[in-house]
Structures are given as C-alpha cells and as structure tokens.
Amino acid sequence: MLRALMLALGMVVTPLAAANTLVFTAIPDEDETRLQERFGAVADYLAETLEVEVRFIPVTSYAASVTAFRNNQVQLAWFGGFTGVQARQLVPGARAIAQGVEDPQYKSYVIANQATGIERHEQETAPEALRGLTFSFGSQSSTSGRLMPEYFLREHLGEAPESLFERVGFSGNHSRTISLVQSGAYQAGVVSYKAWENEVESGNVDADRVQVIWETPPYPDYQWTVRGDLDERFGEGFTDRLQAALIAMDDPALLASFPRSGFIPASNDDYAMILEVARDLGLLD
C-alpha cells in the first residue's frame with residue numbers, strides 16, 4: 001500500500017525510513033536529475049550535525065512535495081513560498097524555520113525569445129509588449145514561476161493571463177521554461193531569477209536566442225518548513241537544533257546547491273503576503 005501511494009505521489013521509492021530517521025524533500029524547481037546531487041550532501045551534513053539518520057527523498061511535482069509533508073512521509077521540506085503556505089495550512093503546528101539570505105527579497109525574471117524583438121524593460125510595471133504573445137509559467141504551484149508573476153501581471157496590465165496572452169502554458173519547472181522560450185515553443189515566460197542565474201552559469205542559456213526583458217518587484221519566497229511534532233519524535237529541543245544547523249550551514253559547496261549565500265531565521269508571518277495573494281487569486285481557501 002505505502003509503495004503504491006509513494007509512486008502515486010511521484011516519490012522515488014526507497015526502503016522505508018526508521019522511526020528515528022529525519023526524511024526531507026524539496027520542490028523540483030529545476031531539472032529532476034540534479035535533485036539527488038543537490039540535496040544528498042545536505043542530508044549528510046544534517047546527519048552529522050544532528051546525530052540522527054537523515055534521508056532525502058525527491059518528488060516529481062510541487063503538489064507531491066506538499067502531499068508528502070501532509071501525510072508525514074517527510075518531516076522537513078525546502079518549499080517555495082506558496083507550497084510552504086499550502087503545507088502549513090494542511091498541517092497544524094507546522095512552521096517555517098529558515099530561509100535563504102536572498103529569500104525575503106526574491107524576484108522573478110520575465111524572459112523572451114529574441115525573435116520577438118522585445119527590448120529590456122526597466123520600469124517597475126510589466127511591459128505592454130507582452131500582450132498577445134504565447135507565454136509559459138513554470139509549475140502551477142510555483143511562487144516565482146507562477147503565483148507572484150501572475151499577481152504582478154494582473155495588477156500592472158489589468159487582465160488575467162488567459163486574456164493577456166495568445167496561449168498560456170505551464171512547463172513544470174524553471175529549467176523547462178527557459179528551454180521552451182529559448183527554442184521558440186513559447187515566445188515568453190517567467191522564471192526564478194536564481195534558476196536563471198544557475199542556468200546561465202551552467203552554460204544552458206543561449207543569449208542569442210533568449211534574454212531577460214523584465215524583473216518583478218520583490219516578494220518573500222523559499223524556506224525550510226518543519227512539522228510541529230518533530231520534538232515529540234526526536235526529543236525536546238530538536239527543532240531548535242535543526243534550525244541552528246540550517247543557519248550554521250556555511251560550506252560554499254552546500255550553499256551553492258540551493259543556491260544561497262546563507263540561511264537566516266524564518267517564521268510563518270514572513271509569508272503573510274504569499275497567503276494573501278494566493279487567496280486573492282483563488283488558489284487557497
């Protein structure tokens with residue numbers, strides 16, 4: 001039964017974790033093949049620091065990460081702003097405990113295929129030149145790839161995406177969005193600025209074919225969220241120790257896997273803006 005449920009959730013099936021194993025996951029915001037490499041080393045760091053077994057389990061969708069957290073198949077998750085809000089709404093007592101230094105002032109990049117001829121737009125409001133294009137968001141549950149960009153587009157251009165664009169798609173993650181816009185399958189799209197920078201650094205962006213044309217205003221995004229029963233399971237003070245371990249993470253190689261320059265404390269209140277926008281867009285009750 002459990003194996004079938006895990007497969008249905010898009011989780012990679014591994015031997016069942018013991019009761020004293022801390023299991024965590026992360027939203028698949030980039031190519032799934034990178035996830036194990038990115039977070040396997042984080043699991044090793046946490047295991048050594050906390051002196052408990054730690055296991056990372058990848059999932060294949062944003063929704064699967066929230067469902068795994070709700071069902072207590074993972075006790076810790078690296079969520080985006082919106083998925084974190086979703087998870088905490090479903091699990092009483094769950095709380096955000098750490099975020100990247102960059103996450104209180106996160107942003108998205110709107111990108112366009114060079115064939116559109118659209119030049120970089122330096123104003124705070126979204127460019128009118130986007131009207132009538134084909135446009136790809138990332139995952140439907142992505143904060144930087146859908147929620148906040150859609151909010152700003154509605155606010156600045158006065159229309160829902162379905163009216164604003166000729167065709168709207170959801171790629172599933174930032175890497176795919178960049179690939180789709182670069183290939184011309186979509187004329188424009190929106191991605192996390194961190195994902196864009198990572199893809200540029202990795203040599204996966206052809207500047208002759210795709211470019212950033214606008215960046216959104218800032219908003220809060222990614223964070224580590226834990227279930228509220230961690231101390232009951234691992235001992236009094238464990239959540240505080242976990243938070244301290246995340247904030248103390250200073251190995252450049254580990255931080256580069258996020259990528260972040262470091263971690264700072266976070267709380268549920270830091271994501272009140274995300275909660276409000278999600279409700280305004282009808283994505284949360």
Side-chain angles (χ1 to χ4, degrees), residues 1-2 5-6 8-11 16-29 39 42-43 46 50 52-100 103-104 106 139-144 146-148 219-247 263-285:
M1 279 289 292
L2 181 57
L5 177 59
M6 291 176 73
L9 292 174
M11 300 179 69
L16 294 179
N20 62 345
T21 299
L22 176 66
V23 186
F24 78 97
T25 194
I27 57 170
D29 54 356
F39 292 103
V42 175
L46 291 175
L50 299 171
V52 299
E53 183 179 351
V54 180
R55 181 175 298 160
F56 169 70
I57 298 180
V59 293
T60 57
S61 72
Y62 284 53
S65 69
V66 174
T67 302
F69 189 84
R70 181 191 65 192
N71 292 342
N72 200 18
Q73 292 169 301
V74 300
Q75 297 80 48
L76 169 70
W78 176 241
F79 283 132
F82 179 45
T83 44
V85 166
Q86 285 180 303
R88 293 191 294 274
Q89 291 284 102
L90 293 168
V91 181
R95 62 188 182 97
I97 59 170
Q99 61 186 325
D103 287 305
Y106 212 78
S139 166
Q140 292 184 349
S141 300
S142 173
T143 308
S144 55
R146 189 274 177 92
L147 180 79
M148 294 309 300
Y219 53 84
D221 204 347
Y222 291 72
Q223 86 293 153
W224 288 102
T225 287
V226 298
R227 292 180 60 89
D229 56 2
L230 245 60
D231 284 11
E232 181 180 333
R233 180 170 176 174
F234 293 97
E236 185 176 352
F238 183 82
T239 302
D240 290 340
R241 290 175 55 216
L242 173 58
Q243 181 185 43
L246 293 169
I247 293 170
F263 290 101
I264 58 177
S267 70
N268 294 0
D269 290 343
D270 294 331
Y271 296 88
M273 176 185 184
I274 302 297
L275 177 61
E276 181 180 351
V277 169
R279 285 175 170 164
D280 285 348
L281 294 180
L283 302 176
L284 274 181
D285 295 332

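Only this structure's heavy atoms are used, side chains among them; waters, hydrogens and symmetry mates stay out.
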Handout entry: Test side chain to side chain contact (heavy atoms under 4.5 Å, CB included) applied to Ala272 - qualifying residues, sequence neighbours left out
Key = none

Problem - Rounded distance [0.5 Å steps], CD1 in Ile57 versus OG1 in Thr25 - result: 7.0 Å

Fill in the blank from the handout: What one should report as the nearest heavy-atom pair of Ile274 and Val85 is CG2-CG2, 4.0 Å

Problem - Pairing residues for Ala87 by the side chain to side chain contact (heavy atoms under 4.5 Å, CB included) criterion, not counting sequence neighbours - result: Val66, Phe69, Phe79

Exercise for the section: Please name all residues satisfying ring-ring contact (aromatic ring centres under 6.0 Å, His included) with Phe238, sequence neighbours left out, ordered by chain then number. Expected result: Phe234

Practice task
Could you tell me whether the side chain of Ile247 reaches within less than 4.5 Å of the side chain of Pro265, counting heavy atoms only?
Solution key: yes

Completion exercise
All heavy atoms of Leu242 vs all of Leu46, minimum pair found to be CD1-CD2, 4.1 Å

Exercise for the section: Identify, with sequence neighbours excluded, every residue that meets ring-ring contact (aromatic ring centres under 6.0 Å, His included) alongside Tyr222. Expected result: Trp78, Tyr106

Practice task
Could you tell me the separation between the CG atom of Leu76 and the CG atom of Leu230, rounded to the nearest 0.5 Å?
Solution key: 7.5 Å

Handout entry: Heavy-atom closest contact (Phe82 atom, Ser141 atom, distance)
Key = CD2-O, 3.3 Å

Problem - Val23 side chain reached by Gln73 side chain, heavy atoms, under 4.5 Å - result: no

Problem - Non-neighbouring partners of Arg146 that pass salt bridge (charged side-chain N to carboxylate O under 4.0 Å, His left out), sequence neighbours left out - result: Glu150

Problem - Heavy-atom donor-acceptor pair, Arg241 side chain to Leu50 backbone, under 3.5 Å - result: yes

Exercise for the section: With sequence neighbours left out, write down each residue that passes side chain to side chain contact (heavy atoms under 4.5 Å, CB included) with Asp280, or none if nothing qualifies. Expected result: Glu276

Completion exercise
Scanning both residues in full, the closest heavy-atom pair of Arg88 with Gln223 reads NH1-OE1, 3.0 Å

Practice task
Supply the atom-to-atom distance Gln75 CD to Thr225 OG1, rounded to the nearest 0.5 angstrom.
Solution key: 13.5 Å

Exercise for the section: Determine yes or no for a side-chain-to-main-chain donor-acceptor pair under 3.5 angstrom, with Asp103 supplying the side chain and Pro220 the backbone. Expected result: no

Handout entry: Side-chain donor/acceptor of Asp231 to backbone N/O of Thr239, under 3.5 Å
Key = yes

Exercise for the section: Identify the two heavy atoms, one from Asn72 and one from Arg233, that lie closest to each other, and give their separation to 0.1 Å. Expected result: OD1-NH1, 4.2 Å

Handout entry: Separation of Gln140 CD from Leu283 CG (nearest 0.5 Å)
Key = 9.0 Å

Problem - Exam field: side chain Asp221 to backbone Gly81, donor-acceptor pair closer than 3.5 Å - result: yes

Practice task
Measure the spacing between CG of Leu147 and CE of Met273 and express it to the nearest 0.5 Å.
Solution key: 9.0 Å

Handout entry: Ile97 to Gln243 - nearest heavy-atom pair and separation
Key = O-NE2, 2.7 Å

Exercise for the section: Indicate the ring-plane relationship of Phe24 and Phe56, choosing parallel, tilted or perpendicular according to the 30° and 60° boundaries. Expected result: tilted

Exercise for the section: Drop me the distance from Leu246's CG to Gln99's CD, to the nearest 0.5 angstrom. Expected result: 12.0 Å

